[in-house]
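First up is the structure itself, then whatever we jot down about it.
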Amino acid sequence: MKKSKTITLFVCQNCGNSSPRWLGKCPECESWNTYVEEQQEKTKTAYKAKKTSDPIPITEIQSGKEDRIPTHNKELDRVLGGGFVPGSVILVGGDPGIGKSTLALQMLNDISASSNIGDSLNLLYVTGEESPEQVKLRAERIGISSNRVFVLSATSVESIIEQIKNLSPQIAVIDSIQTMYTEDLASAPGSVGQIRECTSKLMQHAKANGPAIFLVGHVTKEGAIAGPKVLEHLVDTVLYFEGGKDHPYRILRAIKNRFGSTNEIGVFEMMDVGLKEVKNPSEIFLSERPENASGSVVTPSIEGTRPILVEIQALVSPCSFGVPRRTTIGLDNNRVSLLLAVLEKRAGLQILGQDVFMNVAGGVKIEEPAIDLAISIALVSSFLNKPLDPGVVVFGEIGLAGEVRGVSQIDMRINEAQKLGFNKCVVPKINLDRVASTNNSISLVGVDSIEKAIEVFF
Ligand SMILES: Nc1ncnc2c1ncn2[C@@H]1O[C@H](COP(=O)(O)OP(=O)(O)OP(=O)(O)O)[C@@H](O)[C@H]1O
Ligand SMILES: [Mg+2]
């Protein structure tokens, strides 16, 4: 018989560190006021060690063949690296109401609609937040017709694993991991211990029996997936579903992927019939571009493996208080401050004392340094109140000496701009020799410093 005893522990809800008494500040992750009391059952047989096997030469290990299950949703497949790997665990996080449940349900529908597995195909959607009737409402909105998608309303991980064993689905969605609980722990669902334990139970089952598990996760106020950080280490793939509340566009981004490239993005549009794939994101992000407005610059940015043209907007206005404001949306604040200092020192513009607001249109976030030149030109354009020629795109990295440095994948960037009808491209001078196609209908201008770039435009 199992000997059990309930113990009280205080667990940091940020990192999972535990202590026998309450602490104001976590010694592990240094966050304040994150300790919550949890009851944990101490059983002698709580953890079973994995059977150890003898070491074998790597050449003699049989490689499992990578039989992916494609989702037939181009954007999702791109982010996953070609579909679901059987036995893998995928965690998708996102703000409340962003469309995580819609994405999960629609994915099951896409798989069932175009799969050739036929009658042996089973897909399970486990909901811990909504009733089957509420799920049905969403399914009607999306237009699900397949009888291979099963809905289960449950929150106990043990009973869910039992149902997974009975149904043997190829893919099981758990919506959401924060509502699940295991009977082994006495703490409330959503606590760090519960989330960690439930995930590891589901994962053990997935690895041993092969269904791919798609976990939906809530995010904290700061935007990280709620629960212990170890959760992200446990699972195979971590995806973030993001987008502005006021924009219909949603971006699915891979943060970690054991079976594919990270930094791939999938772009969707939220419509009344569900999420629609956006085939050409550049066209969408540029569709509402203002004409003859100063401070607006278009730049080809590489997201994962594909180029996307985005509009960078700057507004520079006289400072009304003592300390100038720096507000950026979709861009790194520190990077913008650095570029302002370079513009002041190297290009001689009196810009540091001004209020600066920057935005990437369409609610995208861009981090690559290749957009430095576009940010700087947008700032100068707004500062001088002079609009740019609408047919120009700009890219290049800027160093602290004001030099324009080369960037990667120039051909992809130039081709995307050409495809959308731009006729001039300002690029780092050093990249000019490396441009492959010579019969471009787009004219290329090479610049090696920020002063030269300003001369080209103004
Ligand atoms: N009829 C509709 N037309 C357009 N968009 C809709 C419609 N109904 C719902 N939506 C969109 O779907 C979103 C809700 O989707 P969903 O329930 O999948 O989000 P979620 O991320 O799972 O939310 P939660 O965090 O509450 O679980 C709404 O915020 C809204 O943007
Ligand atoms: Mg939901």
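Start at 1 and go down the list; that is how both ligands and their atoms are numbered. Since this is a predicted model, take the numbers as computed values, not measurements.
Backbone and side-chain nitrogen or oxygen atoms of Glu130 are examined, and none is located within less than 3.5 angstrom of a nitrogen or oxygen of ligand 1. Backbone and side-chain nitrogen or oxygen atoms of Gly99 are examined, and one is located within less than 3.5 angstrom of a nitrogen or oxygen of ligand 1. Residue contacts with ligand 1: Ile98 is placed with a nitrogen or oxygen under 3.5 Å of a nitrogen or oxygen of the ligand (distance criterion only).
Looking at Met270 against ligand 1, only its side chain comes within 4.0 Å, counting heavy atoms. Residue contacts with ligand 1 for Arg250 involve side-chain atoms from C-beta outward but no N, CA, C or O (heavy atoms, distance under 4.0 Å). Only the side chain of Arg141 comes within 4.0 Å of ligand 1, judged by heavy-atom distances.
Remark: Glu416 does not engage Arg306 in a salt bridge, criterion side-chain N to carboxylate O under 4.0 Å. Between Arg253 and Glu303 there is a salt bridge, since at least one side-chain N of the basic residue sits less than 4.0 Å from a carboxylate O of the acidic one.
Residues passing the side chain to side chain contact (heavy atoms under 4.5 Å, CB included) test with Ser408 are Arg413, sequence neighbours excluded. Remark: Lys207 engages Asp236 in a side-chain hydrogen bond (donor to acceptor under 3.5 Å, both in side chains) (not counting sequence neighbours). Asn166 pairs by the side-chain hydrogen bond (donor to acceptor under 3.5 Å, both in side chains) definition with nothing, not counting sequence neighbours.
Of the N and O atoms on the side chains of Ser301 and Glu368, at least one donor lies less than 3.5 Å from an acceptor on the other residue. Using modelled atom types, one finds a donor on one side chain and an acceptor on the other under 3.5 Å when comparing Asn385 with Ser294. For Glu311 and Ser296, the side-chain atoms include at least one donor-acceptor pair closer than 3.5 Å. Asp110 and Thr71 are not linked by any side-chain donor-acceptor pair at a separation below 3.5 angstrom, with hydrogens and angles left out of the test.
Residue contact annotation: Arg138 has a non-hydrogen atom under 4.0 Å from ligand 1.
Within ligand 1, counting atoms from 1 as listed, the ones closer than 4.0 Å to a heavy atom of Thr102 are 15 (O), 16 (P), 18 (O). Below 4.0 Å from some heavy atom of Glu129 lie the following atoms of ligand 1, by number and element: 27 (O). Remark: ligand 1 atoms within the under-4.0 Å shell around heavy atoms of Pro96 are 25 (O). Near Met271, the atoms of ligand 1 lying under 4.0 angstrom from a non-hydrogen atom of the residue are 4 (C), 5 (N). Ligand 1 places these atoms under 4.0 Å from at least one heavy atom of Ser101: 18 (O), 20 (P), 22 (O), 27 (O).
In terms of modelled atom types and a separation under 3.5 Å, the side chain of Gln170 and the main chain of Leu123 share no donor-acceptor contact. Of the possible polar contacts, one joining the Lys256 side chain to the Glu232 backbone as a donor-acceptor pair under 3.5 Å is found.
Of the listed residues (Pro248, Gly94, Gly97, Gly274), the one carrying the non-hydrogen atom nearest atom 28 (C) of ligand 1 is Gly97.
Note that CZ of Phe214 is 11.5 Å distant from CD1 of Ile174, once rounded to the nearest 0.5 Å.
Within the sub-2.8 Å shell of the Mg ion (ligand 2), the protein contributes these N/O/S atoms: Ser101 OG.
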